[in-house]
Amino acid sequence: MGSLSEIVDTLENRISKLLHSYESLKQINSGLEKELAQEKLQHSKTREELEQWKDQTDNLRVANAMLGSDQFKRETKLKINALIREIDGCISQLSN
């Protein structure tokens, strides 16, 4: 009968260690989930900033072409034509 009690004690110790490990891993997982959420937020902010920089670069190219640079004249003409078409579309919708 003594060995049965030792087996139960050993089993209790193992279960206790497993529960402790489980709680520890739960805390680590929770920390990692918070870190992931922060990284996703930072990633989103970085993407938005990148888009703003791209827009600013495009605007600078257009401004440069309007100032007489031959390098971006074609792009500027295409953009102006697209804006004119869009304005024409708006005018036609307003007149209907």
Other than L18, what residues sit in its cluster of Ile, Leu, Val, Met, Phe, Trp and Tyr side chains whose heavy atoms are under 4.5 Å apart, directly or through others? none
Taking everything shown except E86 itself, do over 12 heavy atoms lie less than 6.0 Å from its CD? no
Are I28 and L36 grouped together when hydrophobic residues (ILVMFWY) are joined by side-chain heavy atoms under 4.5 angstrom apart? no
Under a 4.5 Å cut-off applied to non-hydrogen side-chain atoms, are K34 and S30 in contact? yes
Positive for side chain to side chain contact (heavy atoms under 4.5 Å, CB included) with L41, one of K45, H43, Q38: K45
Can you check whether K17's main-chain N or O pairs, donor with acceptor, with S21's side chain at less than 3.5 Å? yes
Can you tell me if S24 uses its side chain to pair, donor with acceptor, with the backbone of H20 under 3.5 Å? no
Partner set under side-chain hydrogen bond (donor to acceptor under 3.5 Å, both in side chains) for R85, not counting sequence neighbours: none
What distance separates D58 CG from W53 CH2, expressed to the nearest 0.5 Å? 13.5 Å
If you round to the nearest 0.5 Å, how far is NZ of K77 from CD1 of I80? 9.0 Å
What distance separates L19 CG from K26 NZ, expressed to the nearest 0.5 Å? 10.5 Å
How long is the gap from CG on L50 to OG1 on T57, to the nearest 0.5 Å? 9.0 Å
Looking at CD of E49 and NZ of K54, how far apart are the two atoms once the value is rounded to the nearest 0.5 Å? 12.5 Å
Could you state the interatomic distance from CD1 (I7) to CG (L11), rounded to the nearest 0.5 Å? 9.0 Å
